[in-house]
There are 2 protein chains.
Amino acid sequence: MNAPASSRDKILDVAEALFARRGYAGVGLREVADAAGLGKSSLFHHFRGKTELYCEVQTRVLERFRDRLESVLAEPHSPMRRLERAIEEMIDGLAEQPTTARLLLRSLFEDDNFEGKDLPEFEHTDKVLAGIIGRVGAFLEEGIAEGVFRPVSVGDTVQSLIGSIVYHFASADVGEGIVGGPLFSAESVARRRREVVELFRHGLAARPGPA
Amino acid sequence: MNAPASSRDKILDVAEALFARRGYAGVGLREVADAAGLGKSSLFHHFRGKTELYCEVQTRVLERFRDRLESVLAEPHSPMRRLERAIEEMIDGLAEQPTTARLLLRSLFEDDNFEGKDLPEFEHTDKVLAGIIGRVGAFLEEGIAEGVFRPVSVGDTVQSLIGSIVYHFASADVGEGIVGGPLFSAESVARRRREVVELFRHGLAARPGPA
DNA sequence: GTCTATAGTGAGATAGAC
DNA sequence: GTCTATCTCACTATAGAC
């Protein structure tokens, strides 16, 4: 990984690691500052407050994820081949940076921390997330229209993909107990790729395909 | 749905709702006490502290879930039929009590809140969770041994089932955006049952089965 | 079994020197 | 751009009256 270019990037890096582990409410700015090698007050020179810091961490992660995903969905392959490529690319992306899956999962179900607040900061973040979801949905629609995928509920299939791909790499200790070994080792990631690809290849195919 | 029988149960009920929404670190005991109609200090008469309260909430939820799951896995049907029944039963259980999925998901990836502590309180909770996971794994092994399911990785399949079933009902606002409507309405739950059952029926079948 | 009062700690945030 | 000092507030938890 690249060394952070500025104090700002250093703060974002250590905050990403901490928020991934313990969530928004579970992390104090004191801890972020210590890990970044700064005083607590210095954080407020770079970010207006804790929510803005969290928002920027989330946006960075979402944009990273989106860029990888869009590049493979744009490839000139059949829908089934692109589905496989997309699953593999998403899994590889999550496997390379262990913080990503946990932050993504938190962005998907931890909105309630910010219920009472106005938060225009999150508009862009939400737009990026909505873009990713819309892109995957449109891809599935294509595949159904071409008769490659069964006429599934697109929304539910997106949910199952998120569950199978993102949750897995966010599950940490419990996940390691379930699969009986590390989640991020090369073998474990390769096995996960095979298993998820096969589940959805068989699960979505309009007709029983070749093994 | 039953009215709480005691102050203790009332506290557990309101704490369950709050922890489900905002997690361990995001909830203060002041808020729990207010929602239960008690003074803050009264909580300490019923629970030794915040972690014990959280632990008991989690244990209640896990045991509820385990009991429903074990009853259907014990039914005298074929593995494929029992898989369908188990998926439907788990989905129905999560749909009936909207707090359950979020707490389960938190128990799966929020251990890091308690890293520094000793916590003998969580031994029983962890055992219940391990029992559930082991039970599902053993069931999948059976189905593979009988040649009904493909020779999948059992651990990865458990992870995909959790992702498809638990994550979905924990995804709240974002999930509603993805499926384009409420998650807990009767139609939405029925559709989710069909979709997940079909995904795993096709996805796990050893040979292309009947539609 | 519930209350008031309070201890003790740490949170997020601000002011202003350097 | 980083610091020290400080403000205000909320937190978990305890002590002890009723």
Side-chain angles (χ1 to χ4, degrees), chain A residues 3-58 106 110-122, chain B residues 3-58 106 110-122:
Chain A
S6 63
S7 282
R8 194 169 189 283
D9 292 335
K10 175 74 178 170
I11 295 167
L12 284 169
D13 288 348
V14 301
E16 179 174 321
L18 288 166
F19 284 136
R21 267 191 213 290
R22 290 200 298 281
Y24 177 80
V27 173
L29 293 184
R30 166 72 184 270
E31 203 177 357
V32 176
D34 286 351
L38 292 172
K40 208 182 14 162
S41 307
S42 302
L43 302 186
F44 291 89
H45 180 78
H46 300 280
F47 305 94
R48 261 182 308 206
K50 190 186 181 184
T51 61
E52 187 178 287
L53 172 59
Y54 186 71
C55 176
E56 297 216 22
V57 166
Q58 285 286 13
R106 291 189 187 282
E110 217 166 48
D111 327 7
D112 295 346
N113 290 69
F114 311 100
E115 264 176 345
K117 319 189 181 186
D118 36 349
L119 298 176
E121 307 123 284
F122 276 90
Chain B
S6 64
S7 282
R8 194 168 190 283
D9 293 335
K10 175 74 178 171
I11 294 167
L12 284 170
D13 288 348
V14 302
E16 179 174 323
L18 288 167
F19 284 136
R21 268 190 210 290
R22 291 200 298 281
Y24 177 79
V27 173
L29 293 184
R30 166 72 184 269
E31 203 177 356
V32 176
D34 287 352
L38 291 172
K40 219 185 354 168
S41 307
S42 303
L43 301 186
F44 291 89
H45 180 77
H46 300 280
F47 305 93
R48 261 182 307 207
K50 190 187 181 184
T51 62
E52 186 178 285
L53 173 59
Y54 186 71
C55 176
E56 297 215 20
V57 167
Q58 285 285 14
R106 290 189 189 282
E110 217 167 48
D111 327 8
D112 295 346
N113 290 69
F114 311 99
E115 263 175 345
K117 320 189 180 186
D118 38 349
L119 298 175
E121 306 122 285
F122 277 90

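Excluded from the calculations below are hydrogen atoms, water molecules and symmetry mates; all remaining heavy atoms, backbone and side chain alike, are included. Each chain gets a letter, A, B and so on, in the order its sequence line appears, and its residues count up from 1.
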Check your understanding: Between R30(A) (side chain) and K40(A) (backbone), is there a donor-acceptor pair under 3.5 Å?
Key -> no

Study note, to complete from the structure: Rounded to whole Å, the CZ-P distance (F47(B) to dT12(D)) equals 14 Å

Exercise for review: Could you check how far OH of Y24(B) sits from P of dT12(D), rounded to whole Å?
Suggested key: 8 Å

Point to revise | Spacing between L43(A) atom CG and dC3(D) atom C1', to the nearest angstrom | key: 12 Å

Check your understanding: dG12(C) P sits how many Å from Y54(A) OH, rounded?
Key -> 14 Å

Check your understanding: Quick one: do R22(A) and E31(A) make a salt bridge, cutoff under 4.0 Å?
Key -> yes

Review point. Closest to the L38(A) side chain: dC3(D), dG1(C), dG12(C)?
Key: dC3(D)

Check your understanding: Which nucleotide in the set dT2(D), dA13(D), dT2(C) lies at the smallest distance from any side-chain heavy atom of H46(B)?
Key -> dT2(C)

Point to revise | Spacing between F44(B) atom CZ and dT2(C) atom C1', to the nearest angstrom | key: 14 Å

Check your understanding: Of the nucleotides dT2(C), dT14(D), dG12(C), which has the atom closest to the K40(A) side chain?
Key -> dG12(C)

Review point. Within this structure, what is the NZ-to-C1' distance between K10(A) and dG1(D), rounded to whole angstrom?
Key: 17 Å

Practice item. Name the residue closer to the 5' end of DNA chain C, choosing between R30(A) and R48(A) according to the nucleotide with the nearest heavy atom. Key: R30(A)

Practice item. Indicate, with a heavy-atom threshold strictly under 4.0 Å, whether V27(B) touches base, sugar-phosphate, or nothing. Key: sugar-phosphate

**Study point:** side-chain N/O S7(A) vs dT2(D) OP1/OP2, d < 4.0 Å
**Key:** yes

Point to revise | Options dG12(C), dC3(C), dT2(D), nucleotide nearest the side-chain atoms of S42(A) | key: dT2(D)

**Study point:** Minimum-distance nucleotide to L29(B) side chain [options: dC3(D), dA5(C), dA13(D)]
**Key:** dA13(D)

Check your understanding: Starting at NE2 of H45(A) and ending at P of dT2(D), how long is that distance when rounded to a whole Å?
Key -> 7 Å

Check your understanding: Would a distance-only check, ignoring hydrogens and angles, find a side-chain to backbone donor-acceptor pair under 3.5 Å from R106(A) to F19(A)?
Key -> yes

Review point. Separation of L53(B) atom CG from dA13(D) atom P, in whole Å?
Key: 10 Å

Check your understanding: Any donor-acceptor pair under 3.5 Å between the side chain of S41(A) and the base of dA13(C)?
Key -> no

Point to revise | Side chains of L12(B) and F47(B) in contact at under 4.5 Å (non-hydrogen atoms) | key: yes

**Study point:** K50(B), Q58(B), E56(B) screened by side-chain hydrogen bond (donor to acceptor under 3.5 Å, both in side chains) with Y54(B), the one that passes
**Key:** Q58(B)

